[in-house]
Amino acid sequence: MKKLIIGNWKLNPVSLKEAVKLTSLIEKTKKNTVVLCPPHVFLSSVKYPNLGAQDCFWEEKGAFTGQVSPLQLKNFKIKYVLVGHSERRFAGDDDHMVNAKIRLALANNIVPVLCVGYKTTVLQDDMEVTDIIKNQLDLGLAGLEAEKVVVAYEPVWAIGSGKTATPDHTEKIALFIKNRYGVEKVLYGGSVNPSNAQGFLAQRNVDGLLVGGASLVPSYFNKIINL
Ligand code: PGA
């Protein structure tokens, strides 16, 4: 079964030249479905089979300075959009905003990737973490067709830290999310690299990965997407 592997470039790189170069170095593998999420400013210039955006707004158009809407993304043939990433939640996005963004992404036939795991701590053992992500999922998915939403479980302490959740724990969380909400695809994110990726991909209910730092290093990302 193909897995879904998403590269989140965050606020990188700084020039279009570098973005085009980076894209050209990422293999177009058939082993997995691979999505690149460059910053919005590069979305119309980089060429890759599947592109995603790192965020979107909850209105299609109007007086909303600085925002980018799912309708605009659709016109650039963007297929996926990250919503509720912990770095967006730090910047002020709440669960109601996340819900509204997902709703509009779905209305525009863009697959929303709902990121949960904000406010988790490494001290929470196993299923205790569900108390925190339950809230994010209850509100984030409220009134929506959950089966059309991809969920990325990203414990916030694992992002960019070199620490990861364990594959076993992630499998349990993925199963919990699927059983409780009817979500069909759950990804893991947080310090994924070529050495630890296989452990997550081997889990039956982990349908792929959301990769930050390692997606900026072509030799690392190419290894991960070909697993
Ligand atoms: P990381 O980021 O792989 O650099 O930890 C993951 C993410 O923020 O989606």
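Counting starts at 1 for both ligands and their atoms, in listed order.
- Residue-ligand proximity: Ala214 is placed with every non-hydrogen atom at 4.0 Å or more from ligand 1.
- With ring centers used as reference points, Tyr153 lies under 6.0 Å from His169.
- Checked by distance only, ligand 1 and Gly189 stay at 3.5 Å or farther apart across all their nitrogen or oxygen atoms.
- In this structure, Lys30 NZ and Ile225 CD1 are separated by 12.0 Å, a value rounded to the nearest 0.5 Å.
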Under the criterion side-chain contact (heavy atoms from CB on, under 4.5 Å), I'd like the reasoning laid out for Lys101 against Asp93: C-alpha separation, chi angles, the key distance, then a yes or no. CA-CA 10 Å; Lys101 289 178 179 193; Asp93 280 17; 2.6 Å; yes
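- Counting heavy atoms under 4.0 Å from ligand 1, residue Ile159 touches it through both backbone and side chain.
- Polar contact check, Ser161 against ligand 1: no nitrogen or oxygen pair lies under 3.5 Å apart.
- The line from NZ of Lys148 to CG of Leu106 is 7.0 Å long, rounded to the nearest 0.5 Å.
- Looking from atom 7 (C) of ligand 1 to the surrounding protein, the closest heavy atom is Glu154 OE2, 3.1 Å.
- Distance from atom 4 (O) of ligand 1 to its nearest protein heavy atom, with residue and atom name: Gly213 N, 2.8 Å.
- Each of the atoms 5 (O) of ligand 1 lies under 4.0 Å from some heavy atom of Gly190.
- For ligand 1 and Leu210, the ligand atoms under 4.0 Å from any heavy atom of the residue are 9 (O).
- Considering Val183, Asn205, Thr130 as possible partners of Ile177, the one that fulfils the side chain to side chain contact (heavy atoms under 4.5 Å, CB included) test is Val183.
- Side-chain heavy atoms closer than 4.5 Å link hydrophobic residues (I, L, V, M, F, W, Y) into clusters, and following such links, possibly through other members, connects Leu36 to Ile5.
- Of the listed residues (Leu201, Val206, Asp207), just one forms a side chain to side chain contact (heavy atoms under 4.5 Å, CB included) with Gln203, and that residue is Val206.
- In terms of protein heavy-atom proximity, atom 3 (O) of ligand 1 is nearest to Gly212 N, 2.8 Å.
- Relative to atom 2 (O) of ligand 1, the option among Lys163, Glu87, His85, Lys10 with the closest non-hydrogen atom is Lys10.
- Lys77 NZ: 12 or fewer foreign heavy atoms inside a 6.0 Å radius.
- Close approach to Asn8 involves these atoms of ligand 1, each under 4.0 Å from a residue heavy atom: 9 (O).
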